[in-house]
Amino acid sequence: IVVAAGPGSGKTRVLVHKLASLLLLEDVKHEQLLMLTFSRAAATEFKQRLMGLIGNAAHFVEIKTFHSYCFDLLGRIGNLDDAKDVVSRAAQMINDGEVEPNRIAKTVLVIDEAQDMSAEEYELVHALMAANEEMRVIAVGDDDQNIFEFRGSNSKYMAKLLKESNGRFFEMTENYRKRYPKGFTADDIKYADVPNDQLILLNYTSGTTGYSKGVMLTVNNLTGNVQCISPIADKKGENFFHKGARTVAFLPLAHAFGCTVDFLTPLAVGGHINLLGRIPTPKILVSAIQKVQPEVICAVPMLLEKVYRKQIMPLLEQGPLSIAMKLPLVNEVVFTQIKKKLLESFGGNLRLFVIGGAPMNKETEAFLMKIHFPFTVGYGMTECGPLIGYEDWYDFAIRSCGKPVDGMEVRIDSTDPQNVAGEIQVCGDNVMLGYYKQPDVTAATFTDDGYMKTGDLGVMDKYGNIYINGDRYSHKYAYF
């Protein structure tokens with residue numbers, strides 16, 4: 001059976017009920033049913049929905065991704081390096097009789113999102129059908145929507161399955177095709193009409209300066225941040241964030257810094273966001289970055305400092321480079337080579353490294369400036385969603401945390417703002433509405449003329465560069 005089911009057709013609900021029907025009414029044993037899909041999220045959703053209908057018996061039903069199922073057949077643990085040809089290898093093993101019959105003995109095979117099958121997945125299905133002559137196959141997919149065409153998937157394999165197996169064809173497309181007779185296009189996207197001043201996000205602070213508080217951020221706050229970040233560019237005027245640009249999102253998305261720079265901004269410009277999905281230890285991070293090869297990395301100082309200590313310092317303290325560093329002219333050649341090595345350790349495609357969350361080690365910062373490494377340090381806090389200060393790396397002033405971004409005003413509450421530290425106070429598009437259900441705390445956070453008190457002490461030079469000296473409450477630094 002091949003079912004063409006468009007978005008909004010209710011196919012997931014129908015398919016889950018069909019699975020339950022097979023098990024409860026048609027006497028199909030749990031171990032004889034196999035469902036293959038293309039994502040772990042889909043497999044998990046089907047399993048959870050099935051549990052709602054048949055209870056814990058759903059645990060005994062094989063609902064897996066194509067790759068996961070094939071890794072199991074090969075007796076291998078899944079990994080990215082072997083994923084490329086694991087499906088075709090499994091299909092070949094089945095065809096060659098190298099898989100124990102009881103491991104592939106099925107009476108029903110269900111394929112979800114069948115339009116995403118490639119030649120390899122179709123060959124696996126064909127091999128399973130050949131090994132189980134009486135096996136029923138239910139393939140459900142949208143025959144005119146395909147997001148994996150770049151890797152060879154094509155809805156033609158649905159048609160091929162239908163033709164070669166002399167199957168039956170059903171449609172569940174009335175709702176979708178009636179509404180979108182020409183298919184769903186960019187012209188059909190309708191954005192919600194939300195007022196700019198409407199509360200859209202409650203972002204809880206970490207409680208660095210006391211207890212955690214719910215920061216009320218508006219559409220304007222988040223939009224202001226994205227509009228500050230998305231236009232930043234290199235000396236040639238080429239944007240760092242652009243359509244197709246790859247990023248590795250490893251900062252917590254519940255944190256204002258991670259949400260804005262790793263998610264909202266790349267999403268707004270059409271970037272390719274790679275979610276890490278693992279605890280971001282330096283070793284895991286560097287490995288992921290080398291694979292993705294991002295153009296922009298946004299991180300806390302620890303990552304850059306650790307790479308500097310582990311890879312760069314040993315070169316500077318011993319061996320030929322330690323001597324060459326002391327020679328005029330020669331040291332510039334050394335700096336160039338070190339910069340190249342450092343860029344390669346971050347994937348070789350890096351154009352900008354944005355530091356936030358804490359001040360950077362003085363020694364590390366000074367050396368990176370010396371070799372012209374493309375990094376900058378920003379300033380912000382959850383209450384500004386988070387952006388307050390930023391400067392392009394090629395104009396960045398050492399030990400500063402940038403200049404006030406567009407749409408924000410910064411002042412120092414001091415008799416001599418350039419030399420005597422005072423509280424940093426801000427106002428502008430990025431500043432929150434206040435703290436959720438804490439009107440007294442909100443009132444105490446703002447001055448009579450509408451500036452928000454950051455609690456950070458600092459100065460601002462005549463060029464507008466912000467320098468943080470500490471915090472009057474807990475000596476924290478509010479870099480992002």
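- Taking the side chain as every heavy atom from C-beta outward, V377 and E365 approach each other to under 4.5 Å.
- Y211 carries K213 over the face of its six-membered ring, with the cationic atom under 6.0 Å from the centre and within 45° of the normal.
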- Task: Report the C-alpha separation of E121 and S118 in whole Å, then their side-chain angles, then the decisive distance to 0.1 Å, and conclude whether the side-chain hydrogen bond (donor to acceptor under 3.5 Å, both in side chains) test is met.
- Result: CA-CA 5 Å; E121 280 109 18; S118 64; 2.7 Å; yes
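- One side chain, Y379 or D456, offers a donor N or O that lies under 3.5 Å from an acceptor on the other.
- Although no hydrogens or angles enter the test, the distance criterion places no donor-acceptor pair under 3.5 Å between the side chain of N239 and the main chain of H242.
- Listed for the S287 side chain is no donor-acceptor partner under 3.5 Å among the backbone atoms of K283.
- Here the side chain of N225 pairs a donor or acceptor atom with the backbone of C384 at under 3.5 angstrom.
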- Given the rule in the side-chain contact (heavy atoms from CB on, under 4.5 Å) test, do V215 and T205 qualify, once you have shown the distances and angles that lead to the verdict? CA-CA 7 Å; V215 174; T205 65; 3.4 Å; yes
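- Within 6.0 Å of CD1 on I189 lie more than 12 heavy atoms contributed by other residues, nucleotides or ligands.
- Using a 4.5 Å heavy-atom cutoff, the side chains of F335 and H372 are not in contact.
- Between the T65 side chain and the S39 main chain, no donor and acceptor come within less than 3.5 Å of each other.
- A distance of 11.5 Å separates CG in N419 from CD1 in I412, rounded to the nearest 0.5 Å.
- Contact of the M460 side chain with the P404 side chain is registered, since non-hydrogen atoms from C-beta on lie closer than 4.5 Å.
- Rounding to the nearest 0.5 Å gives a distance of 11.0 Å between NZ of K437 and CE of M216.
- Note that CD of E363 and CD of E305 are 10.0 Å apart. Values are rounded to the nearest 0.5 Å.
- Considering every non-hydrogen atom in both F446 and T442, the closest pair reads CD1-O, 3.2 Å.
- Partner of M452 under the side-chain contact (heavy atoms from CB on, under 4.5 Å) criterion, chosen from V431, N430, I424: V431.
- The two residues A42 and T37 come nearest to each other via the heavy atoms CB-OG1, 3.6 Å.
- A salt bridge links K11 to E113: at least one charged side-chain nitrogen sits closer than 4.0 Å to a carboxylate oxygen.
- Listed for the N349 side chain is no donor-acceptor partner under 3.5 Å among the backbone atoms of P294.
- A donor-acceptor pair shorter than 3.5 Å cannot be found between the side chains of N220 and T223.
- The pair K235-D392 does not count as a salt bridge, with every side-chain nitrogen at least 4.0 angstrom from each carboxylate oxygen.
- The minimum heavy-atom distance between F250 and A299, with the atom names listed, is CZ-CB, 3.7 Å.
- Between F66 and F38, the angle of the ring planes lies from 30° to 60°, which puts this pair in the tilted group.
- The ring pair (Phe, Tyr, Trp, His ring centres under 6.0 Å) test with F353 singles out one residue from F346, F240, Y308, and that residue is F346.
- Pairing each heavy atom of C427 with each of G450, the nearest pair is CB-O, 3.8 Å.
- Inter-residue side-chain proximity for Q418 and V459 is flagged as unmet; no heavy-atom pair is nearer than 4.5 Å.
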- Query: So D449 and T447, side-chain hydrogen bond (donor to acceptor under 3.5 Å, both in side chains) or not? Walk me through it.
  - Reply: CA-CA 5 Å; D449 58 349; T447 63; 2.5 Å; yes
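- Using a 4.5 Å cut-off on side-chain heavy atoms (C-beta onward), R89 and V86 make contact.
- A distance of 9.5 Å separates CG of D395 from OG1 of T376, quoted to the nearest 0.5 Å.
- Between the side chain of D72 and the backbone N or O of Y69 there is no donor-acceptor pair closer than 3.5 Å.
- Of all the heavy atoms in S345 and Q311, the pair that sits closest is CB-OE1, 3.7 Å.
- For the pair M369/F375, a side-chain contact is recorded, criterion being any heavy-atom separation below 4.5 Å from C-beta on.
- Within 6.0 Å of NZ in K339 there are more than 12 heavy atoms belonging to other residues, nucleotides or ligands.
- Counting heavy atoms from C-beta outward, L36 and L124 have side chains that approach closer than 4.5 Å.
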- Item | Criterion side-chain contact (heavy atoms from CB on, under 4.5 Å) on M381 and I388, from CA distance to verdict | CA-CA 8 Å; M381 55 200 308; I388 296 174; 4.0 Å; yes
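- Considering all non-hydrogen atoms of both residues, A397 and S400 come closest at O-OG, 2.6 Å.
- Here the straight-line distance linking atom SG of C401 with atom CD of E391 works out to 11.5 Å at 0.5 Å rounding.
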- Message: Working note: T218 + N221, criterion side-chain hydrogen bond (donor to acceptor under 3.5 Å, both in side chains); need CA distance, chi angles, decisive distance, verdict.
- Response: CA-CA 5 Å; T218 67; N221 297 149; 3.2 Å; yes
- Query: Please walk me through it: do V219 and L222 pass side-chain contact (heavy atoms from CB on, under 4.5 Å)?
  - Reply: CA-CA 5 Å; V219 175; L222 299 184; over 6 Å; no
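- A donor-acceptor pair under 3.5 Å is formed between the side chain of S414 and the backbone N or O of V420.
- Side chain of R399 to backbone of M360: a donor-acceptor contact under 3.5 angstrom is found.
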- Task: Before giving the answer on side-chain contact (heavy atoms from CB on, under 4.5 Å), spell out for Y204 and Y436 the whole-Å C-alpha distance, their side-chain angles and the decisive distance to 0.1 Å.
- Result: CA-CA 9 Å; Y204 278 81; Y436 183 59; 3.9 Å; yes
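- When side chains are defined from C-beta on, I289 counts as touching L303, because their heavy atoms get closer than 4.5 Å.
- With rounding to the nearest 0.5 Å, the separation of CZ in R278 from CG in L285 is 10.0 Å.
- Remark: side-chain polar atoms of K453 are not paired, donor with acceptor, to backbone N or O of E423 under 3.5 angstrom.
- Not one N or O on the side chain of T454 forms a donor-acceptor pair closer than 3.5 Å with the backbone of Q425.
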